[in-house]
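Each chain gets a letter, A, B and so on, in the order its sequence line appears, and its residues count up from 1.
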Protein chains: 2
Amino acid sequence: MTNPSSATPQPLTCDEEALVRALGQVMHVLPRTIDADMVGDRQLPLTEYTALMNLSETPDRRMRMNELAALCHLSLSGMTRTIIRLETQGLVRRERCEEDARGWNAVLTDAGFARLEESWPSHLAAVRRRFLQHFEGFDLAQLARAFQRAGMAEPTD
Amino acid sequence: MTNPSSATPQPLTCDEEALVRALGQVMHVLPRTIDADMVGDRQLPLTEYTALMNLSETPDRRMRMNELAALCHLSLSGMTRTIIRLETQGLVRRERCEEDARGWNAVLTDAGFARLEESWPSHLAAVRRRFLQHFEGFDLAQLARAFQRAGMAEPTD
DNA sequence: AACCGGTGCTTGATTGGTCAAGCAAGTACC
DNA sequence: GGTACTTGCTTGACCAATCAAGCACCGGTT
């Protein structure tokens, strides 16, 4: 089928092209690199770190699965599996939700909190070194807003 | 509490924090979104598209596996598997390398080229809509350089 | 000319994610 | 208060990537 929506679109400019290629590279390379940095240092892969971090930021260190999944940018089933991994390491515990017996709370344990505290310097260093460092001199707030817009995926109409 | 193991690094500023979070979101969401856009439209997932595109840009539409893997930001085995997928669809053919019988060339077939031509408007649209659109008003060349630096991963010391 | 370390690619096992189907608890409606 | 639908999460099947091991070939050494 011919694509009706696209009447032979204009090609990218040279700068756009360069940016898109560089983005492709970053999207592939950065997660693995940061992950490798962290795993090498404290055995906490990025996904699990993110989950613990989000839990630690709530007042009572617990969160419903669907909310946590959204914050981690993970599908609900992906979240389930991550939490199971964390649970077997004793970093997280699960409790049935009081006000809705279908729901579960992931609860950060003391061990989990301790592990997070051990990990964050390494995470911080990785993020600075692999990413922030290269954006010195940029207007970070403006850049952050642009990324936020790009990250909010609307459905694939 | 103070962290003894690591000279307590400075926490991120608020803007840095926002940027890092937004980047995390983009890295998770964008590849899947663009992929979904493309698959929905022309059944060519992003990885395979990228491989075909890189092949199409060589003078004789062929490339050694390791070079192609590097351009696609894929491991060599990942590249092998991608090329196998493309081969079974008839979009790529493999030929032993003339000057080194260990090596293989991935060769873009006519069908592959045609498929690429069908796909690129959709790829272009996805990239614009999901990414470039949000960076209007930025200095794209400068941004591209920063991304290139970030994408060049040095080994995990 | 036989060997041997290095190189190019593939294969096998594993991992970490997805989607779709399932199940159990809640909710609305008659 | 049962029936039908919805919601929250888990499970099963799958998929695309990784790493490590294997195989075939190269090229220099003797």
Atom-to-atom span, [atom1] of [X] to [atom2] of [N] - whole angstrom:
X       : N      : atom1 : atom2 : value
A/Leu46 : C/dT15 : CG    : P     : 19 Å
B/Leu86 : D/dA17 : CG    : C1'   : 15 Å
B/Arg32 : C/dG17 : CZ    : P     : 8 Å
B/Leu74 : D/dT18 : CG    : C1'   : 10 Å
B/Leu76 : C/dT10 : CG    : P     : 7 Å
A/Asp35 : D/dA17 : CG    : C1'   : 13 Å
B/Met79 : D/dA17 : CE    : P     : 9 Å
A/Arg94 : D/dC9  : CZ    : C1'   : 9 Å

If the condition is side chain to side chain contact (heavy atoms under 4.5 Å, CB included), which residues does [X] pass it with, not counting sequence neighbours?
X        : answer
A/Ala70  : none
B/Ala101 : none
B/Ala111 : B/Leu91, B/Thr109
A/Glu17  : A/Leu12, A/Arg21

Checklist entry - More 5' along DNA chain D: B/His73 or A/Thr80, using each one's nearest nucleotide? => result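 Per heavy-atom nearest nucleotide, the more 5' residue is A/Thr80.
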Item to check | First of A/His28 and A/Ile84 reached from the 5' end of DNA chain D, by closest nucleotide | outcome: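 Comparing both residues, the 5'-ward one is A/Ile84.
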Checklist entry - In chain order, what residues pass the ring pair (Phe, Tyr, Trp, His ring centres under 6.0 Å) check against B/Tyr49, with sequence neighbours excluded? => result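 Counting only residues at least two positions away or on another chain, B/Tyr49 forms a ring pair (Phe, Tyr, Trp, His ring centres under 6.0 Å) with B/His123.
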Next on the checklist: According to ring pair (Phe, Tyr, Trp, His ring centres under 6.0 Å), who are the partners of B/Phe138, at least two apart in sequence or on a separate chain?
Outcome noted: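 Residues passing ring pair (Phe, Tyr, Trp, His ring centres under 6.0 Å) with B/Phe138: B/Phe135.
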Checklist entry - Do the ring planes of B/His28 and A/His73 sit parallel (below 30°), tilted (30 to 60°) or perpendicular (above 60°)? => result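 The rings of B/His28 and A/His73 sit tilted, inter-plane angle from 30° to 60°.
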Item to check | Per B/Met65 side chain, nearest of listed nucleotides C/dT11, D/dT11, C/dC9 | outcome: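 Nearest to the side-chain atoms of B/Met65, counting from C-beta on, is C/dC9.
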Item to check | Nucleotide nearest B/Arg64 (side chain, heavy atoms from C-beta), chosen from C/dC9, D/dC9, C/dG17 | outcome: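 Selected nucleotide (nearest to the side chain): C/dC9.
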Next on the checklist: To the closest 0.5 Å, what do you measure between CG (A/Asp15) and CG (B/Leu143)?
Outcome noted: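 These two atoms lie 10.0 Å from each other.
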Checklist entry - If you measure from CE on A/Met63 to OG1 on A/Thr58, what distance do you get to the nearest 0.5 Å? => result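 It is 5.0 Å, given to the nearest 0.5 Å.
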Write out a two-atom table: protein N or O, nucleotide N or O from nucleotides 12-16 of chain D, distance below 3.5 Å.
residue : atom : partner : partner atom : Å
D/dG12  : N7   : A/Arg81 : NH2          : 2.9
D/dG12  : O6   : A/Arg81 : NH1          : 2.7
D/dG12  : O6   : A/Arg81 : NH2          : 3.4

Checklist entry - Closer than 4.0 Å, any side-chain N/O of B/Ser75 to the OP1 or OP2 of D/dA17? => result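 B/Ser75 to D/dA17 OP1/OP2: no side-chain N or O under 4.0 Å.
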Item to check | Any B/Asn66 side-chain N or O less than 4.0 Å from OP1/OP2 of C/dC9 | outcome: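 Checking C/dC9 against B/Asn66, a side-chain N or O does come within under 4.0 Å of OP1 or OP2.
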Next on the checklist: So B/Gly103, base contact, sugar-phosphate only, or nothing? Heavy-atom distance under 4.0 Å.
Outcome noted: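 Since only primed, P, OP1 and OP2 atoms lie under 4.0 Å of B/Gly103, the category is sugar-phosphate.
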Item to check | Qualifying salt bridge (charged side-chain N to carboxylate O under 4.0 Å, His left out) pairs, either residue in residues 26-35 of chain B, two or more places apart | outcome: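 Every candidate salt bridge (charged side-chain N to carboxylate O under 4.0 Å, His left out) pair involving residues 26-35 of chain B fails, so no pair, neighbours aside, qualifies.
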Report each atom pair, protein N/O against N/O of nucleotides 21-28 of chain D, whose distance is under 3.5 angstrom.
residue : atom : partner  : partner atom : Å
D/dC26  : OP1  : B/Ala101 : N            : 3.4

Checklist entry - Can you name the residues that form a salt bridge (Lys or Arg N to Asp or Glu O under 4.0 Å) with B/Asp100, not counting sequence neighbours? => result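 B/Asp100: salt bridge (Lys or Arg N to Asp or Glu O under 4.0 Å) contacts with B/Arg102.
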Let me check something: any side-chain donor-acceptor pairs from residues 76-86 of chain B under 3.5 Å, sequence neighbours excluded? List them with distances.
residue : atom : partner : partner atom : Å
B/Ser77 : OG   : B/Ser75 : OG           : 3.4
B/Thr80 : OG1  : B/Leu76 : O            : 3.2
B/Thr82 : OG1  : B/Gly78 : O            : 2.9
B/Thr82 : OG1  : B/Arg85 : NH2          : 3.4
B/Arg85 : NE   : B/Glu48 : OE2          : 2.9

Next on the checklist: To the nearest 10°, give me the bend of the helix from C/dA1-D/dT30 to C/dC30-D/dG1, comparing the axes of its five terminal pairs at either end.
Outcome noted: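 If I round to tens, the end axes sit 10° apart.
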